[in-house]
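Worksheet for the structure shown next.
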2 protein chains.
Amino acid sequence: MKASQMGRNKEINEQMKDERKEQIFSSALKLFARRGLSATKISDIATAAGFSQGLIYHYFKSKDEIYIQLIKMAFAKLNSAAEQLDALDLPPLQKIKLAYQSLMQGLVTNEDASLTHLLIATAAASDSVPVKAKQIIQEQYFFPYQVMTRIIKAGQKTGSINNKNPKELALLFWSTIRGLSIYRAVHTESFLVPDVDIILEMFKHKEK
Amino acid sequence: MKASQMGRNKEINEQMKDERKEQIFSSALKLFARRGLSATKISDIATAAGFSQGLIYHYFKSKDEIYIQLIKMAFAKLNSAAEQLDALDLPPLQKIKLAYQSLMQGLVTNEDASLTHLLIATAAASDSVPVKAKQIIQEQYFFPYQVMTRIIKAGQKTGSINNKNPKELALLFWSTIRGLSIYRAVHTESFLVPDVDIILEMFKHKEK
DNA sequence: GTCTATATCCAGATAGAC
DNA sequence: GTCTATCTGGATATAGAC
């Protein structure tokens, strides 16, 4: 067999392996988000992904490893979105508006996005996640808060945002988002997206 | 032995039993809220409460039973508070203000209150709680939303609250509370209570 | 009422056939 | 690569001594 062929086969195999892993991640996300790490059985994940329990171990070393990877991916998504928002050339209040709208858009149209937020919320609140996951959470959790605080401070400088404590405002923004994420992940049917203008009232500068 | 004595002993025994149960509930609340149902071992609860693992079964039939009782108690507390708020003779906006302030007060000064909120949030979001717990959640979860919606509608009638969709406003109120509860339960140190006036801006009627 | 010892079960992980 | 069978550990719940 020629070397070039071997290279191609290897590539194809790699690709198939990645697809399998994707399947596993997708099933595991649903289960971990809604049932938690320890209540989710490897066999649940395998069944949901459509193959046998033993095969999981061909792709992952352990249940914890899948969980840790998912946490990594969840934060990567959220924080790169925050980064992009930060970099946009928009007035601060518009950034907040856009952030809220895209987050809600994700919650409503994209079940995975919704579950990703739920996973982050539960993982962050949990005392029983693997050490490695805990480390990732500690390193990454505050990034969106920092971005939001920065945006708020910018808005206060130009006068479009009121002079409340920027950390309190940022905390409120993300608390609201997390609260809504949880609600939405659970009450899929009865979720109606609160009008962005209500949210913005918390931030707007008020004339005396 | 006289009947009156037996009665008294029985009473005292009952009381001691209740105290023991209280100990168990208190330890279990911490653990269930922070680690979840299935990651919490009976032996963890026993150790935290200061006695042997086997003894738990003298007071409770199973781990699930403890959990179910705790869920019941958590909703009883929250919903009776909501009921009291509803009954108060205050203008709607003042009720909202008071609700937020007492909730935050609880979060900051009372660790159990904080954990109770966390327990409700995680239990409601979870797919792996005992059926009985799920039933209780379904029956009781929406009560605070209903109360808040009613208060908001009252305020809209008198003109003190703006004319946004009352269900959206109620959803926002409780989402914010839940988000803050989670944050507080986890980041005990860095929690600063957002000024109530920021919250109220979402509800206030704005002059054109 | 409380403890220790143990039966039982179940889930994670491995081994080995195909 | 995929499956079935199995090992192993650990946790719930029970039994029985004190």
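A, B, ... follow the sequence lines: proteins, then strands. Residue 1 opens every chain. Computed from a predicted model, the values in this text were never measured in an experiment.
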Tell me whether the centres of the aromatic rings in B:Tyr59 and B:Phe25 are closer together than 6.0 Å.
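No: the rings miss the under 6.0 Å criterion.
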Distance check needed: [N] [atom2] versus [X] [atom1], whole Å only.
| X | N | atom1 | atom2 | result |
| --- | --- | --- | --- | --- |
| B:Leu55 | D:dA15 | CG | P | 16 Å |
| A:Tyr57 | D:dA5 | OH | P | 18 Å |
| B:Ile42 | D:dT12 | CD1 | P | 6 Å |
| A:Gln53 | D:dA5 | CD | C1' | 11 Å |
| B:Ile66 | D:dT12 | CD1 | P | 10 Å |

What nucleic acid atoms does A:Thr40 come within less than 4.0 Å of, heavy atoms only: base, sugar-phosphate, or nothing?
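Sugar-phosphate, no base atom in range.
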Main-chain N/O of A:Val196 paired with A:Gln101 side-chain donor or acceptor, under 3.5 Å
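No.
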Is there a donor-acceptor pair closer than 3.5 Å between any side-chain N or O of A:Arg34 and the backbone N or O of B:Ala125?
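Pair found, side chain donor or acceptor close to backbone of B:Ala125.
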Terminal contacting nucleotides, 5' and 3', DNA chain C versus chain B (heavy atom, 4.0 Å):
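On DNA chain C, the outermost contacted nucleotides are C:dG1 to C:dT4.
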Taking NZ, NE, NH1 and NH2 as the nitrogens, is one of them in A:Glu14 or A:Lys17 under 4.0 Å from a carboxylate oxygen of the other?
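So A:Glu14 does not pair with A:Lys17 through a salt bridge.
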Cation-pi check for A:Tyr145 against A:Lys167: NZ or CZ below 6.0 Å from the six-membered ring centre and within 45 degrees of the axis, yes or no?
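Because its charged atom misses either the 6.0 Å distance or the 45° angle limit, A:Lys167 does not stack over A:Tyr145.
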Parallel, tilted or perpendicular, judged at 30° and 60°: which one describes the rings of B:Tyr183 and A:Phe142?
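Ring orientation, 0 to 90° scale: perpendicular.
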